[in-house]
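See structure below.
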Amino acid sequence: MENRIENKTEQRRGFLKNIAASVVAAGALAPVSMSAKDDPALIEEPEWGKKLGLPVDKYLYGVPSPYEHNVKRRVHKLLSSGDMYASVAMCPIQDLEGIITPNGLFFNRAHGGVAIVDPNKYRLIIHGLVEKPLVLTLDQLKRYPSESRIHFIECPANGSTGWRAPQFNTLQFMKGMMSQAEWTGVKLSVLLKDVGVKPTAKWVLAEGSDNSHMGRTIPIEKIMDDAMLVWAQNGEALRPEQGYPVRLLVPGWEGNLNVKWLKRLEFGDKPWHAKEETSKYTMLTPTGKAVRYFWPMEVNSVITHPSPDKPWTDLKKGDLVEIQGLAWSGHGTIKGVDITFDGGKNWVEASLKGLVLPKAWTRFSYIYKWDGKPIILGSRAYDDAGFVQPTITEEVSKMGVEGIYHRNAIVTWEVTAKGEVNNVHVRDYKKERESIEKMQKGAKDA
Ligand SMILES: Nc1nc2c(c(=O)[nH]1)N[C@H]1C(S)=C(S)[C@@H](COP(=O)(O)O)O[C@H]1N2
Ligand SMILES: [Mo]
């Protein structure tokens, strides 16, 4: 960590010398000027002003402008079971503004389809190693004092489509297995006062009422720390896709632990998942050892503007442009984000925009004057728990190449002279080869 900061200062000095002249403060960012006399959009009265608009009762639940029809979740056949019941609809993170995902665009991962639960028949069972088992209706649950918190949910397989080699040239399919909402519900530490958890309880099994059940076990420390039962998402009831009427929220931890359509919580003294093959993910590391418990999502970031989906093809040499992206960490709060224009040799510091919250997406920004020369653009986030995003080579030496989960290496974009943006990997193959060989040897020795 210390090294990193020293290096950063050194590198930043070198970098600033080179491009300081081309960087201008945000205040100077001006819109492209246009002459009124050749702009038909200014001279002619628009269609929509010549007639009445839609009656206000046309949509009593609003829908986006028809011109925004391209902003939608997308499903790739490589990532689904084919019939779309066990599948994932990816969030268009390249189209989002700020840090909140509109409910209709929240990514949706389901293993047995999206359950449509009747709230009147909904029951939540809390049992096992507790003094007083509870069965709650939805109304009873909502009587507990509520809290609203902003957190991302990220599937640990997010980014797995591109760690071995670039596979997709779209940000949506690369990193769209995550979204962020303001969640409202009750903290489990508050609700559990009513059940009296026994001191012998060490693990909690959470189970959904959908076809897949999605049984997951979670250590009691996390349950008592900041886990919640949530029933609302961005100011309205959870969407069916997010687990209506109630889901478990495990802030910052693997997406799969956030059990939707929650049916029961059972307190026990051992991790059920040790017996259940399918109920947790493990990861093989270069030493040949598998990591069994791997819950928090690592510090991570990606540049959304530009990206393959949001290229700079309409920019002219010398234009000022805002580079933007998202940074997040399941370990804590984002402290900063660095940006490279040369594939990781030099770094400058971006600024964090708006709310900077723990275990939450944080938007970052950097005003840049594009001179039309090709660049290799990337972002590197660091958090208040001391974690720094690794390069692909660092990630491969630590984690090997077998696991598809928890990939958080720096993402790099090649921006061509035409402003096209491509997903590229900046790698040190020699080091990676060595680490793979070490891993294979370790596995043999074990
Ligand atoms: N009951 C249930 N809960 C579930 C799942 C499921 O299939 N069934 N999928 C899990 C997985 S793998 C992820 S990544 C998150 C995705 O949450 P989302 O669909 O709200 O984005 O939900 C988790 N909770
Ligand atoms: Mo997931």
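Counting starts at 1 for both ligands and their atoms, in listed order. Keep in mind that this is a model prediction, so the values were computed, not measured. Just so you know, residue 1 is the first one in the sequence shown, and it goes up from there. Hydrogens, waters and symmetry mates play no part in the numbers below; they use all other heavy atoms, side chains included.
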Any atoms of ligand 1 less than 4.0 Å from a non-hydrogen atom of [X]? List them with their elements.
| X | answer |
| --- | --- |
| Cys155 | 14 (S) |
| Gly255 | 13 (C), 14 (S), 15 (C), 22 (O), 23 (C) |
| Asn258 | 22 (O), 23 (C), 24 (N) |
| Ala110 | 7 (O) |

Check this for me - ligand 1, Phe107, N or O atoms closer than 3.5 angstrom, yes or no?
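N/O-N/O distance below 3.5 Å exists for this pair.
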
Below 3.5 angstrom, do we get any N/O pair linking His111 and ligand 1?
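For ligand 1, there is an N or O atom that lies under 3.5 Å from one belonging to His111.
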
Under 4.0 Å, heavy atoms only, figure out whether ligand 1 is touched by the backbone of Asn256, its side chain, both or neither.
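Both parts.
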
At a non-hydrogen distance cut-off of under 4.0 Å, which region of Leu262 contacts ligand 1 (side chain, backbone, both, or neither)?
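Within the 4.0 Å criterion, Leu262 makes no contact with ligand 1.
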
If hydrogens are left out, which of [options] has an atom nearest to [atom], that is, the closest non-hydrogen atom?
| atom | options | answer |
| --- | --- | --- |
| atom 19 (O) of ligand 1 | Met178, Met177, Lys260 | Lys260 |
| atom 4 (C) of ligand 1 | Arg109, Met214, Glu241 | Met214 |
| atom 17 (O) of ligand 1 | Gln233, Lys263, Arg247 | Arg247 |

Look at ligand 1 and say whether Ser212 reaches it with a heavy atom at a distance under 4.0 Å.
yes

Answer with yes or no whether the side chains of [Y] and [X] bring together a donor and an acceptor at under 3.5 Å.
| X | Y | value |
| --- | --- | --- |
| Arg216 | Asn256 | yes |
| Glu254 | His406 | yes |
| Asp428 | Thr393 | no |
| Glu147 | Thr184 | no |

Does the separation of the ring centres of His111 and Tyr85 fall below 6.0 angstrom?
no

Does Trp183 have its ring centroid less than 6.0 Å away from the ring centroid of Phe106?
yes

Among Lys310, Lys175, Gln172, which residue meets the side chain to side chain donor-acceptor pair (under 3.5 Å) test with Gln94?
Gln172

Who passes side-chain contact (heavy atoms from CB on, under 4.5 Å) against Ala409, sequence neighbours left out?
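Ala409: side-chain contact (heavy atoms from CB on, under 4.5 Å) contacts with Ile392, Glu395.
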
